[in-house]
Amino acid sequence: MHQQNGRGAVMATGSVSLTKAMWRGFLGKCPNCGEGHMFGRFLKVADTCDHCGEELFHQRADDFPAYLVMVVVGHLVVPAILAIETAYAPPIWLQLAVWLPVTLFASLALLQPTKGAIVGLQWQIGMHGFEASKLRREAGALVLAKVNTRTA
């Protein structure tokens, strides 16, 4: 369900689960409506959603997405390096020529989606400046529940 906010933008009023908010963030979409773009540039979160007007500038992802990406990529690349080394023992130059670009591109490919998921997490549970947004969503859900029980 959608409604107009004071600025003329469309606001989503339904409940958004943690999983859905994080998935929308992972896809680079607004955790509230799932339509607007979360990022203005590669890792720069937009101040507001261009579709629903939800404020996103409250996010404080900091270095956490980079730490998660390092853990994931490290746990994928290191076993592959070790398996190739023990099975084929290629020269070091070949190992470096293959695994450095793989590590670089995997890290760059996962960094923005991971940051988006962290912003979605913060938004959904009301961390940092997202408390007001969470209270608005909960109040809207409560009003909708009351209206639905009266009309039933």
How long is the gap from [atom1] on [X] to [atom2] on [Y], to the nearest 0.5 Å?
| X | Y | atom1 | atom2 | value |
| --- | --- | --- | --- | --- |
| H58 | H128 | NE2 | NE2 | 11.5 Å |
| T114 | F64 | OG1 | CZ | 9.5 Å |
| E131 | Q122 | CD | CD | 10.5 Å |
| F130 | Q124 | CZ | CD | 11.5 Å |

Should the pair R137 and W123 be classed as cation-pi, given the thresholds of under 6.0 Å to the six-membered ring centre and 45° from the axis?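 Yes.
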Within residues 56-84 or reaching into it, pairs that qualify as salt bridge (Lys or Arg N to Asp or Glu O under 4.0 Å) - sequence neighbours excluded: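 Found none.
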Kindly say whether [Y] contributes a backbone atom to a donor-acceptor pair with the side chain of [X] at under 3.5 angstrom?
| X | Y | result |
| --- | --- | --- |
| E55 | T48 | no |
| K115 | L43 | yes |
| D47 | L56 | no |

Could you work out the complete set of other residues in the hydrophobic cluster of M22, with links drawn between I, L, V, M, F, W and Y side chains under 4.5 Å apart?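 Members alongside M22: L18, L121, I125, M127.
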To which residues is L82 joined in a hydrophobic cluster, defined by side-chain heavy-atom contacts under 4.5 Å among Ile, Leu, Val, Met, Phe, Trp and Tyr, whether direct or through other members?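 Its cluster partners, ordered by chain and number, are V78.
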Going by the rule side-chain contact (heavy atoms from CB on, under 4.5 Å), which residues pair with L96 if we only count those two or more places apart in sequence or in a different chain?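 For L96 the side-chain contact (heavy atoms from CB on, under 4.5 Å) partners, ignoring immediate neighbours, are I92, L100.
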With I81 via side-chain contact (heavy atoms from CB on, under 4.5 Å) - residues at least two apart: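 Residues passing side-chain contact (heavy atoms from CB on, under 4.5 Å) with I81: V77, Q95, W99.
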Please report the closest heavy-atom contact between C30 and C52, naming both atoms and the distance.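 Looks like SG-SG, 3.7 Å.
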Looking only at heavy atoms, what is the nearest atom pair of G36 and D50, with distance?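 In terms of heavy atoms, the two residues are closest at CA-OD1, 3.0 Å.
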Below 4.5 Å, heavy atoms only, C-beta onward: do [X] and [Y] meet side chain to side chain?
| X | Y | answer |
| --- | --- | --- |
| K29 | M38 | no |
| I84 | P90 | yes |
| I118 | Q59 | no |

Considering residues at least two apart in sequence or located in another chain, which fulfil the ring pair (Phe, Tyr, Trp, His ring centres under 6.0 Å) criterion with F39?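 Result, ring pair (Phe, Tyr, Trp, His ring centres under 6.0 Å) vs F39: none returned.
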Just wondering, more than 12 heavy atoms not from Y88 lying within 6.0 Å of its OH?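 Open.
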Could you walk me through whether V16 and R24 satisfy the side chain to side chain contact (heavy atoms under 4.5 Å, CB included) test, starting with their C-alpha distance in whole Å, then the side-chain angles of each, then the deciding distance to 0.1 Å, before giving a yes or no? CA-CA 10 Å; V16 178; R24 287 175 174 176; 3.7 Å; yes
Will you find, in the side chains of E54 and S133, an N or O donor that is under 3.5 Å from an N or O acceptor?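 A pair is found: one side chain offers a donor N or O, the other an acceptor, under 3.5 Å apart.
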Are F57 and L135 connected, step by step, through hydrophobic side chains (Ile, Leu, Val, Met, Phe, Trp, Tyr) whose heavy atoms are closer than 4.5 Å?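 As far as the 4.5 Å side-chain criterion goes, L135 and F57 are not connected within one cluster.
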In this structure, would L110 and Y67 fall into the same cluster of hydrophobic residues linked by side-chain contacts under 4.5 Å?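 No; Y67 is not reachable from L110 via cluster members.
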